[in-house]
Novice: 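I have a structure I would like to understand better, so I am pasting it below and will then ask my questions one at a time.
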Amino acid sequence: MKVYVPMDSAAKALGADAVAEAVVAEAARRGMTLEVIRNGTRGMIWLEPLVEVDTGAGRQAYGPVAPGDVPALLDGTLPGLGRVEDIAFFARQTRLTFARCGVTDPLSLDDYAAHGGLAGLRRALGMTGAQIVAEVTDSGLRGRGGAGFPTGIKWNTVLGAVADQKYIVCNADEGDSGTFADRMLMEGDPFTLIEGMVIAGLGVGASRGYVYLRSEYPDAISVMNAAVQIARGAGVLGPDVLGSGRAFDMEIRVGAGAYVCGEETALLNSLEGKRGVVRAKPPLPALEGFLGKPTVVNNVISLATVPVIFEKGAAFYAGFGLGRSRGTVTLQIAGNVARGGLFETAFGMSLGELVLDVAGGTASGRAVKAVQVGGPLGAYMPPATFDTALGYEDLDAAGGLIGHAGVVVFDDTADMLGLARFAMEFCAVESCGKCTPCRIGAVRGVETIDRIARGDAEAISLLTDLCETMKDGSLCALGGFTPYPVMSALTHFPKDFARRKEAAE
Amino acid sequence: MPADQPADQPAPTQAEISALIDGNLHLEGPMLPILHAVQAAFGHIPAAALGLIATALNLTRAEVHGVVSFYHDFREAPAGRHVLKLCRAEACQAVGANALAQDVLARLGVDWHGTTVDGAVTVEPVYCLGLCACGPALSLDGRAVGRVDAARLQDVLRGVGV
Ligand SMILES: Cc1cc2nc3c(=O)[nH]c(=O)nc-3n(C[C@H](O)[C@H](O)[C@H](O)COP(=O)(O)O)c2cc1C
Ligand code: SF4
Ligand code: FES
């Protein structure tokens with residue numbers, strides 16, 4: 001009998017380690033032989049710890065499981081959820097990037113290969129760099145880190161650059177509130193990211209790679225480090241990738257708690273050992289990146305999607321999606337929501353279907369007031385916008401952005417003025433300090449919102465002007481996009497900004 | 001390594017610091033790995049390390065200080081025996097993080113970044129731990145706790161002797 005207990009940090013944060021220990025102890029007490037496998041998460045976080053039991057007749061799911069449930073679990077009398085694949089939230093997904101996450105033992109390379117891993121790399125090894133880049137271009141893959149830039153075009157620039165050394169840098173800084181796909185993937189299927197980075201290296205002619213991983217993710221750091229060692233030991237990384245005579249090796253580097261280091265040029269400065277200050281572009285990192293050399297900087301999900309594109313073909317991947325948003329989007333459902341977790345689906349589902357139907361509305365049972373899509377720099381969308389399709393262009397047209405595809409749900413108790421203030425405060429705390437509208441503007445923004453809170457209605461036009469200045473005068477999206485959450489809160493929820501003057505004034 | 005393991009070791013010697021520097025000098029961009037190693041070993045970046053790092057990397061002491069001060073993780077003085085990080089970001093706010101933080105700060109009698117008078121615990125804000133589907137979230141000495149309610153909070157505070 002095999003028992004799967006996730007080692008994903010969300011599952012652990014909900015008690016998975018204690019459940020795993022209870023399973024081992026109870027089995028020993030009964031003299032039962034069973035194998036406990038610490039898998040990644042299936043992404044249904046409201047059911048974590050989600051335990052699966054395989055007695056040879058398919059994996060049966062139970063959850064959330066507490067240590068006290070373990071005797072009944074082993075007796076087979078604990079009420080279950082059936083097969084994971086049959087749970088409605090899971091059944092309606094299209095799992096391409098996350099196909100193995102939660103299924104396999106994250107650090108078993110054999111398990112990885114048995115579930116389709118390395119097939120993409122093997123295919124890529126038979127292709128030229130130009131063919132590899134063309135495959136990615138044809139897949140329609142766009143950067144999943146936020147800006148949505150076509151990955152193939154970026155790779156092509158690096159491919160065309162002439163240099164003695166090129167680099168692949170994976171952006172695993174995932175600082176956005178409401179996002180955890182990068183973390184889940186690195187903890188649950190780390191070889192996918194490694195395989196994607198090797199293919200990228202072969203494509204553009206880079207022999208070295210780095211993953212810049214935020215320090216807030218200690219579990220992902222240790223899993224990735226272990227996976228790199230295993231991959232190196234098995235010849236997936238090193239001077240002779242899978243016996244091809246071609247070289248690619250990589251390292252994991254840890255950030256130091258600065259949101260702005262998710263911005264690609266700040267990230268490169270940080271990786272070089274400098275202050276994480278944003279660089280002016282041009283030059284593009286693709287031409288002068290890490291240590292001044294041509295560098296691909298891609299998000300975790302972008303790179304981790306590359307293996308399935310090579311395994312199944314560009315046309316297969318491009319066959320999913322809507323308009324110029326091809327393939328799948330790994331939506332992260334968070335906040336006050338009945339069913340939070342990771343939901344991978346083709347681009348094009350409506351925001352309302354996701355929030356009300358897939359996610360089941362709020363956890364509190366109250367009405368949904370607003371949904372922040374795309375992280376702390378994303379807009380607050382009111383229910384009136386729920387027919388917006390989840391795709392780069394559609395969200396843009398609705399005044400939002402998809403960003404890293406985090407979807408944070410708030411019920412009707414949310415204070416939108418407070419959230420707008422928080423957006424400004426966050427910008428002030430995390431600003432790299434290079435431009436005045438961001439560094440000083442955000443501080444003034446907090447003060448201005450405090451004036452509005454005290455009943456000073458005239459400060460509203462001041463806030464609007466300030467947002468214009470930040471938008472136009474900021475070098476990067478931290479200062480430039482903070483107006484999105486602020487102005488969307490103000491526009492869609494004016495009542496929250498119409499405070500009465502307090503008697504003390 | 002994550003820089004939230006607090007430590008209360010004796011003052012580090014120059015030789016100990018230099019060994020950590022030398023162990024990372026072969027890397028491309030060795031600064032952050034060196035700083036993480038120093039902080040993991042001593043719980044903070046001792047002033048004595050700045051000059052040694054500057055010499056090893058051919059930088060000025062001011063440049064090294066500029067890097068150390070840029071990042072939220074690096075401390076110039078040791079933290080309390082435990083480090084409690086509370087998530088303040090939006091997804092956790094949607095499920096009561098603000099009230100939870102007020103409760104914790106009041107019970108410990110500290111403000112953000114403060115350390116309790118007995119030196120037991122330092123409270124830091126963190127903007128997202130990647131546990132946004134099971135907030136409100138916190139981490140204690142690097143170990144994450146999700147869906148923090150009164151009972152879970154009680155467990156966590158007991159863990160730091162409160
Ligand atoms: C303030 C700021 C923070 C960012 N944070 C991240 C991040 O955490 N992860 C990420 O992949 N991209 C982040 N980005 C976007 C990156 O600059 C860059 O566009 C991305 O890494 C490119 O990879 P992609 O093409 O695969 O998306 C951020 C951008 C800004 C302006
Ligand atoms: S907008 Fe803010 S974070 Fe971005 S470069 Fe300017 S000061 Fe730095
Ligand atoms: S917002 Fe709190 S863990 Fe992500």
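Letters A, B, ... are given to chains in the order of the sequence lines, protein chains preceding strands, and every chain is numbered from 1.
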Novice: Side chain, backbone, both or neither: which part of A:L14 has a non-hydrogen atom closer than 4.5 Å to chain B?
Specialist: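 The answer is both parts of A:L14.
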
Novice: Report the C-alpha distance between A:R208 and B:E28 in whole Å, list the side-chain angles of each, state the deciding distance to 0.1 Å, and finish with yes or no for salt bridge (Lys or Arg N to Asp or Glu O under 4.0 Å).
Specialist: CA-CA 11 Å; A:R208 267 190 225 186; B:E28 293 181 311; 2.9 Å; yes

Novice: Can you pull out every salt bridge (charged side-chain N to carboxylate O under 4.0 Å, His left out) where at least one residue sits in residues 119-135 of chain B? Sequence neighbours excluded, please.
Specialist: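 Found B:R75-B:E124.
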
Novice: So which atom in A:S270 and which in B:Y71 form the shortest heavy-atom distance, rounded to 0.1 Å?
Specialist: OG-OH, 3.0 Å

Novice: Quick check: do B:H72 and A:V429 have side-chain heavy atoms less than 4.5 Å from each other?
Specialist: yes

Novice: Centroid-to-centroid, A:Y259 to B:Y127, below 6.0 Å?
Specialist: no

Novice: Restricting to non-hydrogen atoms, name the atom on B:A133 and the atom on A:G340 that form the minimum distance, rounded to 0.1 Å.
Specialist: CB-C, 3.8 Å

Novice: Not counting sequence neighbours, list each pair that qualifies as a side-chain hydrogen bond (donor to acceptor under 3.5 Å, both in side chains) and has a residue in residues 43-58 of chain B.
Specialist: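 For residues 43-58 of chain B, and leaving out neighbouring residues, there are no side-chain hydrogen bond (donor to acceptor under 3.5 Å, both in side chains) pairs at all.
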
Novice: Output the distance between atom CD (A:E216) and atom SG (B:C87), rounded to the nearest 0.5 Å.
Specialist: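 Taking CD in A:E216 and SG in B:C87, the distance rounds to 10.0 Å.
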
Novice: Compare every heavy atom of B:H36 with every heavy atom of A:G255, then report the nearest pair and how far apart it is.
Specialist: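 Of all heavy-atom pairs spanning A:G255 and B:H36, the closest is O-NE2, 2.8 Å.
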
Novice: B:M31, B:E63, B:R147: which one forms the most heavy-atom pairs within less than 4.5 Å of chain A?
Specialist: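 Among B:M31, B:E63, B:R147, the one with the most close pairs to chain A is B:R147.
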
Novice: Under 4.5 Å, heavy atom to heavy atom, which residues of residues 93-114 of chain B contact chain A?
Specialist: B:Q93, B:A94, B:V95

Novice: Would you list the pairs meeting salt bridge (charged side-chain N to carboxylate O under 4.0 Å, His left out) in which at least one residue belongs to residues 360-372 of chain A, sequence neighbours left out?
Specialist: A:R366-A:D412, A:K369-A:D496

Novice: Taking every non-hydrogen pair under 4.5 Å, which of B:G130, B:G29, B:G146 racks up the most with chain A?
Specialist: B:G130

Novice: First locate atom CD of A:Q332, then atom SG of B:C132, and finally report the distance between them rounded to the nearest 0.5 Å.
Specialist: 8.0 Å

Novice: Side chain, backbone, both or neither: which part of A:L419 has a non-hydrogen atom closer than 4.5 Å to chain B?
Specialist: side chain

Novice: Less than 4.5 Å to any heavy atom of chain B: does that hold for the side chain of A:R339, its backbone, both, or neither?
Specialist: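 Neither part.
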
Novice: Could you report the tightest heavy-atom contact between A:Y212 and B:L32, atom names first, then the distance?
Specialist: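 The pair with the smallest heavy-atom distance is OH-CD2, 4.3 Å.
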
Novice: Need one label for A:V409: side chain, backbone, both or neither, based on atoms under 4.5 Å from any heavy atom in chain B.
Specialist: backbone

Novice: Hey, could you give me the SG/OH distance between B:C128 and A:Y217, rounded to the nearest 0.5 Å?
Specialist: 5.0 Å

Novice: What's the separation between atom CZ in A:R253 and atom CG in B:L27, rounded to the nearest 0.5 Å?
Specialist: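 Interatomic distance, A:R253 CZ to B:L27 CG, rounded to 0.5 Å: 4.5 Å.
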
Novice: Which answer fits A:D182, side chain, backbone, both or neither, if we ask what part of it has an atom under 4.5 Å from a heavy atom of chain B?
Specialist: neither

Novice: Check each atom of A:E174 against the heavy atoms of chain B and say whether the ones under 4.5 Å are side chain, backbone, both or neither.
Specialist: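 When you check distances to chain B, no heavy atom of A:E174 falls under 4.5 Å.
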
Novice: Taking atom CZ of B:R143 and atom CG of A:D219, what is their separation to the nearest 0.5 Å?
Specialist: 11.0 Å

Novice: For A:A414, is it the side chain, the backbone, both or neither that has a heavy atom under 4.5 Å from a heavy atom of chain B?
Specialist: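 Interface part for A:A414: neither.
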
Novice: Provide the closest heavy-atom pair for A:A258 versus B:F70 in the form atom of the first, atom of the second, distance.
Specialist: CB-CE2, 4.1 Å

Novice: How close do B:A89 and A:F422 get, heavy atom to heavy atom, and via which atoms?
Specialist: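 Closest heavy-atom pair between B:A89 and A:F422: CA-CZ, 3.9 Å.
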
Novice: What part of A:E425 gets within 4.5 angstrom of chain B, counting heavy atoms only: side chain, backbone, both, or neither?
Specialist: side chain

Novice: May I ask you to test the B:E90-A:P376 pair for a side-chain heavy-atom distance under 4.5 Å?
Specialist: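 In short, these two side chains touch, coming nearer than 4.5 Å.
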
